Protein chains: 2
Amino acid sequence: MNGRILPQCGVERFLILLDGPWATLIVRELLRGPQRFTELRGALTGISAHTLTHRLRRFEQHGLVKRTAYAEIPPRVVYELTPLGASLQDVLSAMNDWGTTVPEAALTAS
Amino acid sequence: MNGRILPQCGVERFLILLDGPWATLIVRELLRGPQRFTELRGALTGISAHTLTHRLRRFEQHGLVKRTAYAEIPPRVVYELTPLGASLQDVLSAMNDWGTTVPEAALTAS
DNA sequence: CGGCATCCATTAAGATACTG
DNA sequence: CAGTATCTTAATGGATGCCG
């Protein structure tokens, strides 16, 4: 569907930039502050290095995340949200508010 | 990732119930009011009957959408959001607000 | 430590054809 | 009209191993 001609409304833009189930969770984690690769991986239970790398690269390309690599031994890489990425806070809050109102029954029925 | 044990926070619930790129767009369309299958299909440019059916069935199971079938010739089926589904309005608004602030450059870089 | 390369499993989604 | 059935494709995501 991503190849389609989408009307460039706000919702579509959000969906294009935050596609995949992990995208939103990574942003939420980075909203807590700048973090290293390993910190992110530890916080996001179940994510693989492969996936985390790809998501972060994509965010970087889209200007949502800033990557800073320190040429040390061992190497250290810190990821942090750009102002654009940080402004996702409002959307995440809305999602969280809605999710907490969802009854258990809606989730078990799958 | 859906098989993982997720902390049952709000954001996770939202992501589980609105998975896939079409889910959010279907909800946005239904926020305009109850609609028939064909109306939805026409409004969601590019969606296939197959996909629309699956998404609607899933929403129905989760209590986000109510399906009403009229035994007429030709048959008529109307979908409408439940109160739970309608309460997604706030999240959609937040997404839309954020998306409109995204610069063009973030989208072209893909 | 922070990746990348490769292979593989799962799934959303499209195309097509057909039915009550 | 509103689906269902089947097949196929594309993409996300996981597992493993290697590298600077």
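None of the values given here were measured: they were computed from a predicted structure. So you know, we letter chains A, B, ... as the sequences are listed, proteins then strands, and number each from 1.
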message: Rounded to the nearest 0.5 Å, what separates atom CG in B:Asp19 from atom CD1 in B:Ile16?
response: 9.0 Å
- request: Let me know the distance between CD1 of A:Ile47 and P of D:dT12, rounded to the nearest Å.
  value: 13 Å
query: Are OP1 or OP2 of D:dG14 and a side-chain N or O of A:Ser48 less than 4.0 angstrom apart?
result: yes
statement: Taken to the nearest whole Å, CG/B:Leu15 to C1'/D:dT12 is 14 Å
query: So, do A:Met95 and A:Arg28 sit near enough that their side-chain heavy atoms are less than 4.5 Å apart?
result: no
Every protein N/O lying under 3.5 Å from an N/O of nucleotides 1-7 of chain D:
| unit_1 | atom_1 | unit_2 | atom_2 | d |
| --- | --- | --- | --- | --- |
| D:dC1 | O3' | B:Arg36 | NH2 | 2.9 |
| D:dC1 | O3' | B:Pro75 | O | 3.2 |
| D:dA2 | OP1 | B:Arg36 | NE | 2.9 |
| D:dA2 | OP1 | B:Arg36 | NH2 | 3.0 |
| D:dA2 | OP1 | B:Val77 | N | 3.3 |
| D:dA2 | OP2 | B:Thr38 | N | 3.1 |
| D:dA2 | OP2 | B:Thr38 | OG1 | 2.2 |
| D:dG3 | OP1 | B:Arg57 | NH2 | 3.4 |
| D:dG3 | OP1 | B:Arg67 | NE | 3.3 |
| D:dG3 | OP1 | B:Arg67 | NH2 | 2.6 |
| D:dG3 | OP1 | B:Tyr79 | OH | 3.4 |
| D:dG3 | OP2 | B:Tyr79 | OH | 2.6 |
| D:dT4 | OP1 | B:Arg57 | NH2 | 3.1 |
| D:dT6 | O4 | B:His50 | ND1 | 3.3 |

- prompt: Atom CG of B:Leu44 and atom C1' of C:dG14: how far apart are they, to the nearest Å?
  reply: 15 Å
query: Roughly how many Å is it from CG in B:Leu52 to P in C:dA12, rounded to a whole number?
result: 15 Å
Side chain proximity check, A:Ile47 to A:Ile26, heavy atoms < 4.5 angstrom: yes
Side-chain donor-acceptor pairs of residues 34-44 of chain A under 3.5 Å, sequence neighbours excluded:
| unit_1 | atom_1 | unit_2 | atom_2 | d |
| --- | --- | --- | --- | --- |
| A:Gln35 | NE2 | A:Glu29 | O | 2.7 |
| A:Glu39 | OE1 | A:Arg36 | N | 2.7 |

- request: May I have the distance from A:Arg55 (atom CZ) to C:dG3 (atom P), rounded to whole angstrom?
  value: 15 Å
message: Is there a side-chain contact between B:Thr51 and the phosphate of C:dA12, meaning an N or O under 4.0 Å from OP1 or OP2?
response: no
query: Should A:Phe14 and B:Asn96 count as side-chain neighbours, where that means a heavy-atom distance under 4.5 Å?
result: no
task: Return the value, rounded to whole Å, for the distance between atom CG of A:Leu40 and atom C1' of C:dG2.
output: 12 Å
For residues 75-88 of chain A, which side-chain N or O atoms pair as donor and acceptor with protein atoms under 3.5 Å away, sequence neighbours left out?
| unit_1 | atom_1 | unit_2 | atom_2 | d |
| --- | --- | --- | --- | --- |
| A:Arg76 | NE | A:Glu72 | OE1 | 3.3 |
| A:Arg76 | NH2 | A:Glu72 | OE2 | 3.1 |
| A:Tyr79 | OH | A:Arg67 | NE | 3.3 |
| A:Thr82 | OG1 | A:Gly63 | O | 2.6 |
| A:Thr82 | OG1 | A:Leu64 | O | 3.2 |
| A:Thr82 | OG1 | A:Leu84 | N | 3.4 |
| A:Thr82 | OG1 | A:Gly85 | N | 3.2 |
| A:Ser87 | OG | A:Leu84 | O | 2.5 |
| A:Ser87 | OG | B:Trp98 | NE1 | 2.9 |

- request: Nearest whole angstrom, please: distance from the C1' of C:dA13 to the CG of A:Asp19.
  value: 14 Å
